[in-house]
There are 2 protein chains.
Amino acid sequence: MHPIGFESHDHRHCIAEGVSAAEARCAEEGLQFTPVRRRVLEILLEQHRAMGAYDILEVLRAEGLGSQPPVAYRALDFLVSHGFAHRIERLNAFTACAYPGADHAPAFLICRLCRTVAEASAAPRAQLDKAAAEAGFLIERAVIEAEGLCPDCRNAA
Amino acid sequence: MHPIGFESHDHRHCIAEGVSAAEARCAEEGLQFTPVRRRVLEILLEQHRAMGAYDILEVLRAEGLGSQPPVAYRALDFLVSHGFAHRIERLNAFTACAYPGADHAPAFLICRLCRTVAEASAAPRAQLDKAAAEAGFLIERAVIEAEGLCPDCRNAA
DNA sequence: AGAGGCGATGTTATACTATATCAACCCCGA
DNA sequence: TCGGGGTTGATATAGTATAACATCGCCTCT
Ligand SMILES: [Zn+2]
Ligand SMILES: [Zn+2]
Ligand SMILES: [Zn+2]
Ligand SMILES: [Zn+2]
């Protein structure tokens with residue numbers, strides 16, 4: 001799957017789809033899409049970048065939605081555990097899922113200059129599955145993150 | 001390349017090779033393989049597991065080699081930046097390189113029960129390179145980490 | 001209506017991970 | 001001998017994450 005994040009696109013679509021996919025899944029599964037959770041997802045969806053929990057907390061605090069770390073971490077845990085957002089291990093940060101609703105094994109391309117995060121899906125996972133199978137290892141979660149320069153920053157440099 | 005770490009093997013060989021590869025490279029490149037750096041590498045080499053900086057610091061402290069966090073972090077930075085050890089992002093921890101001397105793009109299989117870390121090399125990286133190339137992204141560093149159950153823990157469960 | 005359960009939130013405190021900063025030291029070469 | 005680069009010592013602080021417990025709202029069962 002082609003990575004989403006670098007190329008210019010109708011980003012309102014990403015936002016709308018991200019929110020509505022979450023809404024739908026929560027309705028289906030009886031999960032509570034509370035104001036804090038919705039707002040945190042919206043904040044993440046505003047751009048294809050990774051944000052730290054404390055960055056998000058700052059926004060919540062300014063809006064009166066919560067002021068202590070657990071508020072942000074709980075919302076993020078909810079979003080991540082249900083696949084509406086992903087944790088970027090390399091940055092200790094979070095980003096909205098670019099393929100909400102799809103069952104997928106994400107891989108990320110992280111620009112170290114503009115911090116844009118593009119999400120690719122599936123393909124890079126295949127070889128890892130193969131290596132794991134050979135070793136008798138059962139993969140429960142895979143972290144695939146590449147750090148470098150996005151096309152724009154590459155051209156600028 | 002077949003992952004190193006799960007299967008039983010002559011582990012003294014891993015230790016000896018890890019230390020001597022580092023020794024050799026440091027001699028070649030005029031780097032200082034100081035007592036703290038050597039000892040930290042030895043600690044990491046003792047088992048195919050990831051250790052946190054503070055775990056390592058505890059050992060150093062007990063041996064009188066240093067007692068403050070920067071001591072451990074500096075040694076680890078040195079080892080990682082020269083490829084003698086790797087950082088495991090998923091665990092905020094470190095492990096000795098299983099292919100010292102080889103120019104390689106590591107991928108890790110991390111057991112969530114016994115914390116054993118096996119290092120595979122090269123193959124899982126290919127698809128990621130492909131996805132990146134298509135997107136015009138320049139990879140400078142890739143993190144490929146799978147978390148799950150190793151063969152032993154799988155059988156035990 | 002009242003009791004109880006459950007999940008979400010509020011709040012405080014604390015644990016864990018990592019780095020900035022500056023002083024001291026050591027080795028080596030000018 | 002003097003200086004410079006790199007390493008170490010030591011203090012302080014920044015940044016990330018969770019434990020623990022009180023409270024609240026909502027639904028359900030009696
Ligand atoms: Zn977008
Ligand atoms: Zn996704
Ligand atoms: Zn070994
Ligand atoms: Zn295991």
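None of these values were measured; they are calculated from a predicted model. Protein chains get the first letters and strands the later ones, always in sequence-line order, with residue 1 at the start of each.
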Chemist: Each nucleotide N or O in nucleotides 8-14 of chain D that has a protein N or O under 3.5 Å away: list the pair and distance.
Modeler:
from	atom 1	to	atom 2	distance (Å)
D:dT8	OP1	B:T34	OG1	2.7
D:dG9	N7	B:R74	NH1	3.1
D:dG9	O6	B:R74	NH2	2.8
D:dA10	N6	B:R74	NH2	3.1

Chemist: Would you mind reading off the distance between A:L57 atom CG and D:dG15 atom C1', rounded to a whole angstrom?
Modeler: 13 Å
Chemist: Could you tell me how the ring of A:F6 sits relative to the ring of B:F137: parallel (under 30°), tilted (30 to 60°) or perpendicular (over 60°)?
Modeler: parallel
Chemist: How long is the line joining CD1 of A:I88 and C1' of D:dG15, in whole Å?
Modeler: 18 Å
Chemist: What is the distance, to the nearest angstrom, from the CD atom on B:E89 to the P atom on C:dA18?
Modeler: 9 Å
Chemist: Take the protein atom CZ of A:F78 and the nucleotide atom P of C:dA8, then report the distance between them rounded to whole Å.
Modeler: 7 Å
Chemist: Which pair of non-hydrogen atoms, one from B:C14 and one from B:H9, has the smallest distance, and what is that distance?
Modeler: SG-NE2, 3.3 Å
Chemist: Starting at CZ of A:R61 and ending at P of C:dT11, how long is that distance when rounded to a whole Å?
Modeler: 12 Å
Chemist: In whole angstroms, how far is the P atom of D:dG5 from the CG atom of B:L31?
Modeler: 17 Å
Chemist: What is the distance, to the nearest angstrom, from the CG atom on A:L60 to the C1' atom on C:dA8?
Modeler: 15 Å
Chemist: Determine: side-chain N/O of A:Y73 to OP1/OP2 of D:dT18, distance under 4.0 Å, yes or no.
Modeler: no
Chemist: Nearest-Å distance, CG (A:N92) to P (D:dT18)?
Modeler: 10 Å
Chemist: Run the side-chain hydrogen bond (donor to acceptor under 3.5 Å, both in side chains) test against A:R90 and tell me which residues pass, sequence neighbours left out.
Modeler: A:E147, B:E89
Chemist: Distance check: side-chain N/O of A:Y54 vs OP1/OP2 of D:dG15, anything under 4.0 Å?
Modeler: no
Chemist: In this structure, is the centre-to-centre distance between the rings of B:H86 and B:F108 below 6.0 Å?
Modeler: yes
Chemist: With sequence neighbours left out, what residues match A:R25 under side-chain hydrogen bond (donor to acceptor under 3.5 Å, both in side chains)?
Modeler: A:E29
Chemist: Sub-3.5 Å donor-acceptor pair from the side chain of B:R37 to the main-chain atoms of B:L79, do we have one?
Modeler: no
